[in-house]
Student: 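This is the structure I want to talk about, given as C-alpha cells.
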Amino acid sequence: MYIPKNLQMESLEQIHDFIDEFSFAILTTQDLTASHLPLLLKRDEGELGTLYGHLAKANSHWKAFDTQAILAVFSGPHGYISPTWYDSYPAVPTWNYAAVHVKGHISLTSSEETLQILSDTIQYYEPSLAESGGFIPEEYKQKLAKAIVGFKIEITHAEGKLKLGQHRSEADQQGVLNGLAKSSRMDDKALLAYTKSLIEHSVNKT
C-alpha cells in the first residue's frame, strides 16, 4: 500500500486499535481468491499479533491456505471530498479513507480450537449472549464444527494509512467536516464521526 509518511499510522497499537474497531476484512491468498469475514486479533500472541477466524467448509478457499502467505485488508469509513469544501483555492476532488493491510502466514486450527474461535467471536460481538450460556447446545456445536474451518494468521507485517486530510490547513479540515455534516449518505456520516474522534484523540494527547 502506498503510504506517504505524513499519512502513516504512527504505531502498532494504533493499527491494532483499528483492526479491533473495523474487524471485517478481505482475506486474499496468492491465487487471488478472496473471502470477506471477521477476524479477531490477539495482540500479545506473536511478535506483531495473531488473527483468528473461520469460514464455511463449503467455501473451498480454505484449501488454498496451507501455511502460505496471505493479505488481510481492513477498511474504515471513506467518502468523496468535494474541492468546494476547502478554504484553499484551487483544489481538486479527492477520497478520504483509512485502511490497514496485514500480511502473515496462515494455518488451519483443530476442531477444538475452531469451536473456541466461534465462542470468542460471539463473546466479542455479543458478550451478553455468550454470558447467558446454553444458546448453542453441545450436540449442535459438534455438528457445527464439521461444517466450518478455523484458521489463524501469524502477522509478519502490518501497515496502516489515515488519509483524512490531516495534512491540510485547519480551515480546510473544518470545511471538510462541515461538508460531511451536510451529507445524508451513511458512509459520509461514518467518515465524519471517525475523523472527529481522531481529532479529539489528538487534542487529548497534547
Side-chain angles (χ1 to χ4, degrees), residues 1 9 11-78 97-160 186-187 190 193-194 197:
M1 176 166 57
M9 288 190 185
S11 66
L12 180 62
E13 181 182 9
Q14 188 176 25
I15 290 173
H16 281 173
D17 289 344
F18 187 90
I19 292 173
D20 280 340
E21 186 171 1
F22 305 105
S23 56
F24 192 71
I26 299 175
L27 181 64
T28 306
T29 45
Q30 294 177 19
D31 60 357
L32 300 184
T33 300
S35 290
H36 300 249
L37 68 178
L39 296 176
L40 299 180
L41 173 66
K42 292 193 176 181
R43 301 184 182 215
D44 300 327
E45 189 173 314
E47 184 178 353
L48 300 178
T50 300
L51 296 167
Y52 285 85
H54 69 278
L55 70 174
K57 185 171 287 187
N59 179 354
S60 61
H61 192 189
W62 65 269
K63 296 179 182 179
F65 289 176
D66 192 26
T67 70
Q68 67 172 286
I70 59 88
L71 171 68
V73 177
F74 300 85
S75 297
H78 58 89
Y97 65 93
V100 161
H101 285 195
V102 167
K103 296 178 182 178
H105 295 293
I106 190 167
S107 58
L108 302 181
T109 54
S110 66
S111 296
E112 184 177 337
E113 290 173 315
T114 299
L115 284 176
Q116 186 60 51
I117 292 171
L118 180 62
S119 296
D120 290 344
T121 301
I122 297 171
Q123 176 66 41
Y124 185 78
Y125 291 105
E126 195 174 7
S128 61
L129 179 61
E131 291 164 6
S132 66
F135 57 92
I136 301 181
E138 188 61 34
E139 182 179 346
Y140 186 72
K141 278 186 181 181
Q142 298 306 319
K143 182 179 179 181
L144 184 62
K146 298 177 182 179
I148 62 176
V149 176
F151 60 86
K152 66 177 181 178
I153 300 166
E154 179 187 350
I155 299 174
T156 57
H157 177 79
E159 58 184 6
M186 294 302 297
D187 284 347
Y194 184 66
S197 71

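Note that these values count all heavy atoms, side chains included, but never hydrogens, waters or copies made by symmetry.
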Student: Any sub-3.5 Å donor-acceptor pair from Ser23's side-chain atoms to Leu40's backbone N or O?
Tutor: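 Pair absent, no side-chain N/O of Ser23 close to backbone of Leu40.
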Student: Ignoring hydrogens and angles, state whether a donor on the side chain of Thr109 or Tyr52 is under 3.5 Å from an acceptor on the partner side chain.
Tutor: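 Side-chain D/A pair, Thr109 to Tyr52: absent.
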Student: Could you tell me whether the side chain of Ile148 reaches within less than 4.5 Å of the side chain of Thr114, counting heavy atoms only?
Tutor: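 Counting from C-beta outward, Thr114 and Ile148 do come under 4.5 Å.
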Student: Please give me the minimum heavy-atom distance between Leu39 and Ala72, naming the atom from each residue.
Tutor: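 Distance-wise, the nearest heavy atoms are CD1-CB, 4.1 Å.
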Student: Using the side-chain contact (heavy atoms from CB on, under 4.5 Å) criterion, which residues pair with Thr29? Sequence neighbours excluded.
Tutor: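 Once residues adjacent in sequence are excluded, the partners of Thr29 under the side-chain contact (heavy atoms from CB on, under 4.5 Å) criterion are Asp31, Thr33, His61, Ala64, Phe65, Gln68, Ile70.
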Student: Within the structure provided, determine whether His157 and His101 are in side-chain contact (heavy-atom separation under 4.5 Å).
Tutor: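 Heavy-atom side-chain distance check fails, nothing below 4.5 Å.
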Student: About how many Å separate NE2 of His54 and CG of Leu108, when rounded to the nearest 0.5 Å?
Tutor: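 One finds 14.0 Å between CG of Leu108 and NE2 of His54.
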Student: For residues Glu47 and Leu12, report the shortest heavy-atom separation together with the two atoms involved.
Tutor: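 Heavy-atom minimum between the residues: O-CD2, 4.4 Å.
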Student: Looking at every non-hydrogen atom in both residues, tell me the closest pair between Phe74 and Ala25 and how far apart they are.
Tutor: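 Shortest heavy-atom separation between Phe74 and Ala25 comes out as CE2-CB, 3.5 Å.
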Student: Starting from the C-alpha separation in whole Å, work towards a yes-or-no answer on side-chain hydrogen bond (donor to acceptor under 3.5 Å, both in side chains) for Glu113 and Ser110.
Tutor: CA-CA 5 Å; Glu113 290 173 315; Ser110 66; 3.2 Å; yes
Student: Can you tell if the side chain of Pro38 reaches within under 4.5 Å of the side chain of Tyr124, non-hydrogen atoms only?
Tutor: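 No, side chains not in contact.
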Student: Does Lys57, at its NZ atom, have more than 12 non-hydrogen atoms belonging to other residues, nucleotides or ligands within less than 6.0 Å?
Tutor: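 It does: Lys57 NZ has more than 12 such atoms within range.
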Student: Is there side-chain contact between Val102 and Leu48, with heavy atoms separated by less than 4.5 Å?
Tutor: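 In short, these two side chains do not touch, never coming nearer than 4.5 Å.
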Student: Determine the minimum heavy-atom distance between Ile26 and Ala34, stating which atoms define it.
Tutor: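 For Ile26 versus Ala34, the nearest heavy atoms are CG2-CB, 3.9 Å.
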Student: Does anything in residues 142-155 pair up under salt bridge (Lys or Arg N to Asp or Glu O under 4.0 Å), and if so which pairs, sequence neighbours excluded?
Tutor: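 As it turns out, there is no salt bridge (Lys or Arg N to Asp or Glu O under 4.0 Å) pair with a partner in residues 142-155 once direct neighbours are skipped.
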Student: Could you check whether any side-chain heavy atom of Phe151 comes within less than 4.5 Å of a side-chain heavy atom of Ile153, counting everything from C-beta outward?
Tutor: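 Yes - at least one pair of side-chain heavy atoms lies under 4.5 Å apart.
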Student: Compare all side-chain heavy atoms of Val73 with those of Thr28 and state whether any distance is below 4.5 angstrom.
Tutor: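 Answer no - side chains too far apart.
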Student: Is any side-chain heavy atom of Arg43 less than 4.5 Å from a side-chain heavy atom of Asp17?
Tutor: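 Contact flag for Arg43/Asp17 side chains = yes.
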Student: Is there a side chain to side chain contact (heavy atoms under 4.5 Å, CB included) between Leu27 and Ile106 once you walk through the steps?
Tutor: CA-CA 10 Å; Leu27 181 64; Ile106 190 167; 4.1 Å; yes
Student: Please check: side-chain N/O of His16 versus main-chain N/O of Lys42, any donor-acceptor pairing under 3.5 Å?
Tutor: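 Checking the backbone N and O of Lys42 against the side chain of His16, no donor-acceptor pair under 3.5 Å is found.
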Student: Aromatic contact between Tyr194 and Phe22, with the criterion being ring centroids under 6.0 Å apart: yes or no?
Tutor: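 Ring centroids of Tyr194 and Phe22 are less than 6.0 Å from each other.
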Student: Rounded to the nearest 0.5 Å, how far does CG of Leu41 lie from CG of Asp20?
Tutor: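 With rounding to 0.5 Å, CG (Asp20) is 5.5 Å from CG (Leu41).
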Student: For the residue pair His105 and Thr156, what are the closest heavy atoms and their distance?
Tutor: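 Smallest interatomic distance, heavy atoms only, reads CD2-CG2, 3.6 Å.
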Student: Is the count of non-hydrogen atoms from other residues, nucleotides or ligands lying under 6.0 Å from Met1 atom CE greater than 12?
Tutor: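 Result for CE/Met1: enclosed.
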Student: So, taking the atom named CG in Leu37 and the one named CG in Asn59, what distance separates them when rounded to the nearest 0.5 Å?
Tutor: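 Going from CG on Leu37 over to CG on Asn59, the span is 8.5 Å.
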Student: Measure across Tyr97 and His78 and return the closest heavy-atom pair with its distance rounded to 0.1 Å.
Tutor: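 Shortest heavy-atom contact: CB-CB, 3.6 Å.
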